Number of protein chains: 2
Amino acid sequence: MRITSLVECSTRIMVRLASLQPGATLSAEKLSDLENVSRDYVDQILQRLRKGGLVASTRGAQGGYSLAKASSAISIGELVRAVEGQVFEEVCERYSSGEHECRHMSNCGIRPVWLRLGEMIEGFLDKVTLDQLTVPEPRAFAATMAFIKDFEKEGRIQHDKRR
Amino acid sequence: MRITSLVECSTRIMVRLASLQPGATLSAEKLSDLENVSRDYVDQILQRLRKGGLVASTRGAQGGYSLAKASSAISIGELVRAVEGQVFEEVCERYSSGEHECRHMSNCGIRPVWLRLGEMIEGFLDKVTLDQLTVPEPRAFAATMAFIKDFEKEGRIQHDKRR
DNA sequence: TCATACTTGATCGAATTAGTCAGGTATGCT
DNA sequence: AGCATACCTGACTAATTCGATCAAGTATGA
């Protein structure tokens with residue numbers, strides 16, 4: 001299980017947009033340079049984000065992209081759904097289609113685990129909003145910590161300080 | 001993000017073994033028939049489970065496989081690590097190797113989210129044990145619900161629930 | 001009207017997944 | 001001992017998904 005390159009790139013692009021002053025925009029070209037992602041790929045990502053209603057675009061010369069709503073109103077879960085279609089694919093959906101019957105029979109003890117796992121992952125990502133990723137202070141993740149409080153008792157999140 | 005076929009098959013095989021009477025074994029052939037998974041694939045899975053210390057094997061005619069320890073002592077997290085090597089791959093590990101530098105710079109707000117997500121997924125799967133999957137659905141569901149409840153409220157799990 | 005910037009969809013190599021295949025080795029039963 | 005049963009090992013491969021790239025547009029503002 002992992003975060004794909006697509007989600008990672010999309011997140012970085014969204015964080016860039018979230019750091020803009022109100023009214024400002026960033027062109028796809030600029031985003032490509034800033035994040036070191038090819039122009040074509042940036043275009044594709046922005047397109048999906050726009051269709052998902054997460055970014056707004058201004059066309060023409062001096063045009064560009066900006067967030068479609070407040071960064072506090074955009075969750076990573078939404079972002080993932082916008083670029084990948086879904087956050088977590090259910091096992092039973094995947095392995096039983098058409099002529100095949102779901103291998104999880106009645107009285108199945110396995111299915112609830114995958115369901116619950118999916119709900120948990122989605123619940124987590126839906127509660128992490130973009131504004132939490134743009135601030136350098138440890139105040140980020142307050143909502144996240146509330147969601148999974150006591151999971152780790154030693155304290156708050158340390159932001160990355162490497163290199 | 002999804003559960004792979006490998007993990008799904010492995011889980012079903014382990015649940016079969018968990019439902020055996022103490023001392024009993026199931027041959028790879030039998031498991032293959034019961035779960036409708038090819039004999040070769042079952043062999044491969046059982047081999048990985050054995051190397052991970054989750055199943056024990058008895059060789060020779062009338063031999064077979066059984067759990068290496070109590071089903072209450074085997075978690076799905078362990079199972080996943082045994083068959084796939086890891087539960088959740090870190091983004092920074094994947095996208096920054098050798099000559100490439102991690103794109104998550106200092107004061108990165110993104111990395112902690114992926115780290116936390118990974119910890120959560122692993123924490124969840126490490127606490128779901130095989131014995132919780134061998135019972136009819138309502139009880140298994142109750143067990144996973146209990147996990148979430150404990151997870152949110154106390155950060156720890158009750159393993160010795162009365163029947 | 002033209003440069004800039006966004007839009008769309010097809011394509012494609014690389015990596016991963018999902019399983020197969022071939023050829024062993026160990027054990028228990030007769 | 002002989003041999004059938006069953007486990008063990010690792011290489012191999014087809015299918016799918018990932019991670020982009022590419023080509024050919026359309027819309028807008030100066």
Side-chain angles (χ1 to χ4, degrees), chain A residues 1-13 17 24-33 35-52 54-66 68 80 82-86 89 91 94-95 97 100 103, chain B residues 1-13 17 24-33 35-66 68 80 82-86 88-89 91 94-95 97 100 103:
Chain A
M1 222 177 271
R2 66 184 170 88
I3 294 297
T4 62
S5 166
L6 181 61
V7 168
E8 162 73 6
C9 290
S10 304
T11 304
R12 290 196 284 116
I13 285 170
L17 293 178
T25 63
L26 264 179
S27 70
E29 185 64 36
K30 207 90 178 164
L31 283 166
S32 168
D33 292 345
E35 295 299 342
N36 198 30
V37 175
S38 85
R39 174 58 201 279
D40 286 329
Y41 203 26
V42 166
D43 275 0
Q44 187 183 139
I45 288 170
L46 286 169
Q47 190 49 29
R48 293 184 189 191
L49 291 170
R50 195 190 59 82
K51 281 179 179 165
L54 301 189
V55 305
S57 59
T58 327
R59 307 182 77 143
Q62 308 311 318
Y65 290 93
S66 59
V80 175
V83 298
E84 291 198 329
Q86 64 186 345
E89 185 182 5
V91 174
R94 181 181 182 85
Y95 302 117
S97 61
H100 297 104
R103 286 162 165 171
Chain B
M1 220 176 272
R2 65 183 172 87
I3 293 297
T4 62
S5 165
L6 180 61
V7 168
E8 162 73 5
C9 289
S10 303
T11 304
R12 288 195 286 115
I13 286 171
L17 293 178
T25 64
L26 265 179
S27 68
E29 185 65 35
K30 208 90 179 165
L31 283 166
S32 168
D33 291 345
E35 295 299 342
N36 198 31
V37 174
S38 83
R39 173 58 201 278
D40 285 328
Y41 204 26
V42 167
D43 273 0
Q44 185 183 138
I45 289 170
L46 286 169
Q47 192 48 30
R48 294 182 190 192
L49 291 170
R50 196 190 57 81
K51 281 179 180 165
L54 301 189
V55 304
S57 60
T58 326
R59 310 183 76 144
Q62 309 310 315
Y65 290 93
S66 59
V80 175
V83 297
E84 291 197 330
Q86 64 186 345
F88 185 84
E89 186 183 3
V91 175
R94 181 181 182 86
Y95 301 118
S97 61
H100 298 103
R103 287 161 165 172

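No experiment lies behind these values; they were computed from the predicted model shown. Each chain gets a letter, A, B and so on, in the order the sequences are listed, and its residues count up from 1.
Look at CG on A:L26: it is 13 Å from C1' on C:dA5, rounded to the nearest Å. To the nearest angstrom, P of C:dA18 lies 19 Å from CG of B:D43. As rounded to whole Å, 13 Å separates atom P of D:dT28 from atom OH of A:Y65. Atom pair B:I45:CD1 and D:dC7:P shows a separation of 14 Å (rounding to whole Å applied). Rounded to whole Å, atom C1' of C:dT7 lies 14 Å from atom CG of A:L49. Note: CD (A:E8) to P (D:dA20) measures 11 Å, nearest angstrom. Between the CG atom of B:L6 and the P atom of C:dG19 there is a distance of 9 Å, rounded to whole Å. Between B:N36 atom CG and C:dG19 atom P there is a gap of 11 Å when expressed in whole angstrom units.
The side chain of B:R50 lies closest to D:dC8, out of D:dC8, C:dT17, C:dT7. Considering only the side chain of B:A28, D:dC7 comes nearest among C:dT8, D:dC8, D:dC7. Listed candidates were D:dT9, C:dT7, D:dC7. Nearest to the side chain of A:Q47 is C:dT7.
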Query raised in the report: What do the steps show when you test A:E84 against A:T4 for side chain to side chain contact (heavy atoms under 4.5 Å, CB included), and what is the final call?
Result: CA-CA 9 Å; A:E84 291 198 329; A:T4 62; 2.5 Å; yes

Requested in this report: Under the side chain to side chain contact (heavy atoms under 4.5 Å, CB included) rule, what do B:F88 and B:M1 come out as? Steps first, then yes or no, please.
Outcome: CA-CA 10 Å; B:F88 185 84; B:M1 220 176 272; 4.1 Å; yes

Query raised in the report: Passes side chain to side chain contact (heavy atoms under 4.5 Å, CB included), A:L17 versus A:L31? Steps please.
Result: CA-CA 9 Å; A:L17 293 178; A:L31 283 166; 4.1 Å; yes

Report summary line: Readout for nucleotides 20-30 of chain C: B = base within 4.0 Å of protein heavy atom, S = sugar-phosphate only, - = neither; 5' to 3' it is BB---BSBS--

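Recorded end-axis angle for the helix from C:dT1-D:dA30 to C:dT30-D:dA1 stands at 10°, based on five pairs per end and rounded to 10 degrees.
The side-chain contact (heavy atoms from CB on, under 4.5 Å) test with B:S32 singles out one residue from B:V42, B:D40, B:I13, B:L46, and that residue is B:V42.
With sequence neighbours left out, the side chain to side chain donor-acceptor pair (under 3.5 Å) criterion links B:Q47 to no other residue. B:Q62 is linked by a side chain to side chain donor-acceptor pair (under 3.5 Å) to nothing, counting only residues two or more places apart in sequence or in another chain. For B:R39, the side chain to side chain donor-acceptor pair (under 3.5 Å) partners two or more places apart in sequence, or in a different chain, are B:E29, B:D43.
Between B:R2 and D:dC18 there is no side-chain N or O to OP1 or OP2 distance below 4.0 Å. Residue B:S57 has no polar side-chain atom (N or O) positioned under 4.0 Å from OP1 or OP2 of D:dA6.
For residues 45-65 of chain B, no residue pair satisfies the salt bridge (charged side-chain N to carboxylate O under 4.0 Å, His left out) rule, not counting sequence neighbours.
Looking at heavy-atom distances under 4.0 Å, A:K51 makes contact with sugar-phosphate atoms alone, never a base.
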